[in-house]
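First the structure, in the form of structure tokens, and then the observations on it.
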Amino acid sequence: MKEFPPKYIPNHTEDKWHKIWEESKIYEAKVKPGKPKYSVVIPPPNITGILHIGHILNNTIQDIYSRWKRMQGFEVCWVPGIDHAGISTQHVLERELAAQGKTKHDLGREKFVEMGWEWKKKYGGIILQQLRKLGVSVDWSKERFTLDDGLNTAVKEVFVDLYKKGLIYRGKRIVNWDPAAQTAVSDDEIEYKEKKDKLYYIRYYFRDSEEYVVVATTRPETMFGDTAVAVNPEDKRYNLLKNKSVIHPLVNKNIPLIFDDYVDIDFGTGALKITPAHDTNDFEVGKRHNLESINVITKDSKLNEYAGEFKGLDIFVARKRIVEKLKELGNLEKIEEITHNVAYGSKSGAVIEPYLSEQWFVAMKELAKPALKVVNDGEIRFHPDRWVKTYNHWMLNIRDWCISRQLWWGHQIPIWYHNSTGEVYCATEPPKDIENYTQDPDVLDTWFSSWIWPFSVFGWENSMNDETNAELKYFYPTDFLATAADIIFLWVARMIMAGLEYKKEIPFKDVYFNSIVRDGQGRKMSKTLGNSPDPLDVMDKYGADALRFTIVYLAPLGNDVLFDENKTEIGRNFITKLWNAGRFIMMNYEKADANNSIESEPDDLDRWMDSRLNNTLKDIENYLCEYRLNDYTKILYNFVWNDFCDWYIEILKVKLLKEGADIKGILDRAKNLYISILKMLHPVIPVVTEELWHIITELTDNSSISLENFPALNKGQINYELESDLENVKELITSIRNIRTENNIPYSKECNVNIKPFEEDFGNNISRFDYFIRSIGRVDELKIEKTYEKFEEQSVKVLPKCEIYLSLEGLVDKEKQSANFKKELENLVKYSETLKKKLSNEKFLEKAAKELVDGEKEKLKNTEQQIMKLQSLIG
RNA sequence: GGGCGAUUAGCUCAGCUGGUUAGAGCACUUCGCUUACACCGAAGGGGUCUGAGGUUCGAAUCCUUAAUCGCCCACCA
């Protein structure tokens, strides 16, 4: 027998198994015709990212399903990878250059991109390295990068195809401009924050008149782009002013007063300046009234030549100067303090400017239609399903997707312009006479490569290789996607659209939106708050399995998780308990050698445990199918701790001590149960179960529990009657212990106990278990008989089906006991009254199910019997 | 402004399609080194389920409404 280590040392064991698993390539997936497959693609973490607690939850969930399905005989393929994260990475690179006093222009595009690849080589895989610590069973041989050659080919193919279908077009639109990153960003990359600001009321005078209209603005610097002042046509105040013009306060020009429904009569003065180039709504108004759009701000948010004397000033500086000037000129009516939402780039933190520019767009309406259908028809299922509503709302109001970014790091748009004719050339390869063409300098939004992730990772490059690619054919569509709900539009919806467009098939069947992890006070984890514990530290301190178990245990489907580092004790303590249970079983084998007893048959206790095990197995299957992962861990936690350790092992101790016990037989049965438990737990705590399995089975090769079969449900072993008998026995034992505690009887002292059942049947039933009532109840003599006369020195407890008498040689605390009786009696009387009331209700008897009524009658009978006994004891 | 979710013991949460004298873990109290485990064992105390209406024989569970907290979407100068 191998030595069973007294303590589990996570770090060492985890490193060992992670290495063995990776080297023996057991998680590499192959095309196996005829064998069912289960495939998952990882949500590729950002190249610039580092592991946080959210990743732990997300990847543990994927690992649980991968391991579970693998143990159920599926060919499991879980593809890892990373995202090139356009804006973030460019930001990091530029910051690095800035530290050397350089800009990207000093390097030039080619060198800059090279620098990106160098950086990727050096740091890009950090997060995947960190993920290895978690013990994920991904197929490392299939690792992909959203900017690798294969992805690049696929991205170009999709772009060209959509362009040829007319779904990609170029247009001059107001986009969200990030002046720090100097690129367009999508709506989804913006955060709104409340900010205190000033609202400036400015007079626009009518020509040759003392009359004026007042408009309010928070951004006076854009007024050089004003091309109208608008009021609502229904607004009586302005009725008489049709066809009039006002004078621009700073530029000597007329601007028309126009009438448009968009203007809110009740807000401010009811008049609004229209600056089409710098506001989305103004742009729409401008289009309706054929107004000119004048862009007055440069890409780096300075005023341009339209601003006259203010040209070249940063907009925030210009704002102050312009206000001063307006004051001088007498055009400033007043300034109000207001709080409003301001848009910030979620990556750069800079204030986002609405900016008019040429960008590339994907027309989304047609792509969205089939994608809506598959989700509403249930072909793709969301968990929890309330996200379908959110999805529908967005998809029905979908807007065209701005896909061009003015960056260098990313997939450059496969568009070339003829140098002299300006003709547009779009193809996956450059034009032959490349010297006459210039490629569009922009790159594609990062999500343009992410949205084809589920099929591009399997080698999809174009519709041609679609047919011939065996991996793609076998593994697509994938089965499961676990992700955070905040990228439902950015990523999930778009993957569905791309999958349907290019594979004519959904990209995944089940989507699990995992919880958002918050800190102990419910605050979002954030760098600035410093409330996000480093998962590597936590894993180092408690073990990766402990963290995995804890985070899943705490994460209910659809709700947030409040995570505190010290909560990891839940998982750590559980693992220790599991470890020691195994250690106990193995320790006892030593005693088996000298033992020459005959083989024993399984007894009621074994049958009870088999029943509990299969019930647990049944629940596990349901929970995992319903994506209730916290329930999966919870039920195992309770099963192992309560049923297996607290009762089964405790009773086992008694059985082992019995004269002539079949020690080996008893332990073998326990060991088999324990191995089943290890397998049931393996998906969530892979390393410790692997280690224990090897110790227990004494396997020394590189075989793995993760390749074993998951325990199969045997419904025939479920025995509710026996389980309820055991519940009664447990209640009896608990009551005996209770009496002992109340009378301060030391553990070492055994007592004599008489159980007086109200019914013969009950007595017969429990007398089967008398040997362990005696031993774990610390009972010397146990009598179970209906007729028993009590002596003086005894303590009594009345249960629903029997009385318990415990002899005390010493003193019985009679006062305490009768106080207890009275209290109990009070409760029972109250209870019996509610039962009586219920049972005397005609309608209840008439309408409620028969079993329910009978159940209530039974309860009343028991309760009244208890009451009678108690009364006689008091009296 | 629109939508979604939450509100159950001191804390964190279970309680699925209405019928349990409302459960768990942590914390708390009192014992306890007993053939694994003090990261442990035993026994206990503690809540009427945010408020108000309603449906029902019966509601923590369904409906209406209010309050509080949180998230998402839109954004009015």
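Computed from a predicted model, the values in this text were never measured in an experiment. The sequence lines fix the lettering, A, B, ..., with proteins before strands; numbering per chain opens at 1.
Dashed line: the shortest gap from a side-chain N or O of Arg737(A) to OP1 or OP2 of rA43(B) is under 4.0 Å. Distances shown here put a side-chain N or O of Lys838(A) below 4.0 Å from the OP1 or OP2 atom of rU20(B). The side chain of Asn580(A) places no N or O atom within less than 4.0 Å of a non-bridging phosphate oxygen (OP1 or OP2) of rC39(B). The shortest distance between the side-chain N/O atoms of Arg399(A) and the OP1/OP2 oxygens of rA74(B) is below 4.0 Å. Between Lys634(A) and the phosphate of rA14(B), there is no side-chain N or O to OP1/OP2 separation shorter than 4.0 Å.
Lacking a ring centre under 5.5 Å from that of the base six-membered ring together with a plane angle below 30°, Phe844(A) does not count as stacked on rC57(B). In this pair, Trp394(A) does not lay its aromatic ring on the base of rC73(B); centres under 5.5 Å and planes under 30 degrees do not both hold.
Below the 3.5 angstrom threshold, one finds a donor paired with an acceptor across the side chain of Lys653(A) and the base of rA36(B). One N or O donor and one acceptor, one from the side chain of Lys577(A) and one from the base of rC37(B), sit under 3.5 Å apart.
In this structure, Thr275(A) OG1 and Phe224(A) CZ are separated by 11.5 Å, a value rounded to the nearest 0.5 Å. Taken to the nearest 0.5 Å, the CG atom of Asn331(A) stands 10.0 Å off from the OH atom of Tyr212(A). Taken to the nearest 0.5 Å, the CZ atom of Phe283(A) stands 6.0 Å off from the CD1 atom of Ile174(A).
Pairing for rG44(B) is with rC28(B), a Watson-Crick or G-U wobble pair whose two hydrogen-bonding atom distances lie under 3.5 Å. Nucleotide rC75(B) is matched to nothing when pairs are restricted to Watson-Crick or G-U wobble geometry with both distances under 3.5 angstrom. Base pairing of rC62(B) is made with rG54(B), judged by Watson-Crick or G-U wobble geometry with both donor-acceptor distances under 3.5 Å. The partner of rG18(B) is absent, by the rule that a Watson-Crick or G-U pair needs both atom distances under 3.5 Å. When both pairing distances are held under 3.5 Å, rU68(B) makes a Watson-Crick or G-U pair with rA6(B). Under the Watson-Crick and G-U wobble criteria, each requiring two contacts below 3.5 Å, nucleotide rG23(B) is paired to rC13(B).
For rU17(B) and rC40(B), the P atoms lie 35 Å apart once the distance is rounded to whole Å. Taking atom C1' in both rG1(B) and rC13(B), one finds a spacing of 34 Å when rounded to whole Å. Nucleotides rC57(B) and rG41(B) have their C1' atoms positioned 46 Å apart, rounded to a whole Å. rG19(B) and rG2(B): their P atoms are spaced 35 Å apart (whole Å). Taking atom C1' on both nucleotides, rA22(B) is separated from rG70(B) by 26 Å, rounded to a whole Å. Comparing rC26(B) with rU64(B), their P atoms sit 39 Å apart, to the nearest whole Å. For rG15(B) and rU34(B), the P atoms lie 41 Å apart once the distance is rounded to whole Å. Spacing of C1' atoms, rU56(B) relative to rC69(B), comes out at 32 Å, to the nearest Å.
Of the candidate nucleotides rU34(B), rG19(B), rA36(B), rU34(B) has the atom lying nearest to any side-chain atom of Tyr747(A). Among the nucleotides rA14(B), rA24(B), rA43(B), the one closest to any side-chain atom of Asn638(A) is rA24(B). You'll find that the side chain of Asn281(A) is closest to rC75(B), out of rG19(B), rC37(B), rC75(B). Distances were taken from every side-chain heavy atom of Thr217(A) (C-beta onward) to each of rA77(B), rA36(B), rC16(B); the shortest belongs to rA77(B). For Cys645(A), taking side-chain heavy atoms from C-beta onward, the closest of the listed nucleotides rA77(B), rA43(B), rA36(B) is rA36(B). Counting only heavy atoms from C-beta on, Ile570(A) has its side chain closest to rG25(B) among rC37(B), rC57(B), rG25(B). Residue Thr734(A) places its side chain closer to rA43(B) than to any other of rC72(B), rA43(B), rC75(B). Taking only side-chain atoms of Lys567(A), from C-beta outward, the nucleotide of rA36(B), rU12(B), rG15(B) with the closest atom is rU12(B). Each of rC57(B), rC40(B), rG44(B) was ranked by its minimum atom distance to the side chain of Asn573(A); first place goes to rC40(B). The side chain of Leu199(A) lies closest to rA77(B) when the candidates are rA77(B), rA36(B), rC13(B).
Arg319(A) places no side-chain N or O within 3.5 Å of a backbone atom of Glu221(A) that could act as its donor or acceptor partner. Arg740(A) contributes a side-chain N or O that, together with a main-chain N or O of Pro746(A), makes up a donor-acceptor pair within less than 3.5 Å.
With RNA chain B read from its 5' end, the first of the two nearest nucleotides for Thr280(A) and Thr741(A) is the one closest to Thr741(A). For Leu845(A) and Pro800(A), each mapped to the nucleotide of RNA chain B holding its nearest heavy atom, the one lying further toward the 5' end belongs to Pro800(A).
Here the C1' atom of nucleotide rU29(B) and the CG atom of Asn744(A) are 14 Å apart, to the nearest Å. Atom-to-atom, OH of Tyr637(A) to P of rG25(B) comes out at 7 Å; the value is rounded to the nearest Å. Across the protein-nucleic acid pair, Asn176(A) atom CG and rC75(B) atom C1' stand 13 Å apart, rounded to whole Å. Taking atom CD on Glu284(A) and atom P on rC75(B), their separation rounds to 11 Å, with Å as the unit. Taking atom CH2 of residue Trp647(A) and atom P of nucleotide rA36(B), one finds them 17 Å apart after rounding to whole Å. Look at CD on Glu650(A): it is 9 Å from C1' on rU34(B), rounded to the nearest Å. We find that CD of Glu846(A) is positioned 9 Å from P of rC57(B), with the value rounded to whole Å. Regarding Asp646(A), its CG atom lies at a distance of 18 Å from the P atom of rU34(B), rounded to whole Å.
Side-chain contact annotation: Ser775(A) with Lys653(A), donor-acceptor N/O pair under 3.5 Å absent.
With respect to the salt-bridge test (charged N to carboxylate O, under 4.0 angstrom), the residues Lys541(A) and Glu565(A) qualify. Checked for salt-bridge contact, Glu727(A) and Lys730(A) meet the test: a charged N lies under 4.0 Å from a carboxylate O.
When each of Asn573(A), Ile570(A), Asn566(A) is paired with Tyr542(A), the side-chain contact (heavy atoms from CB on, under 4.5 Å) condition holds for Asn566(A) and for no other.
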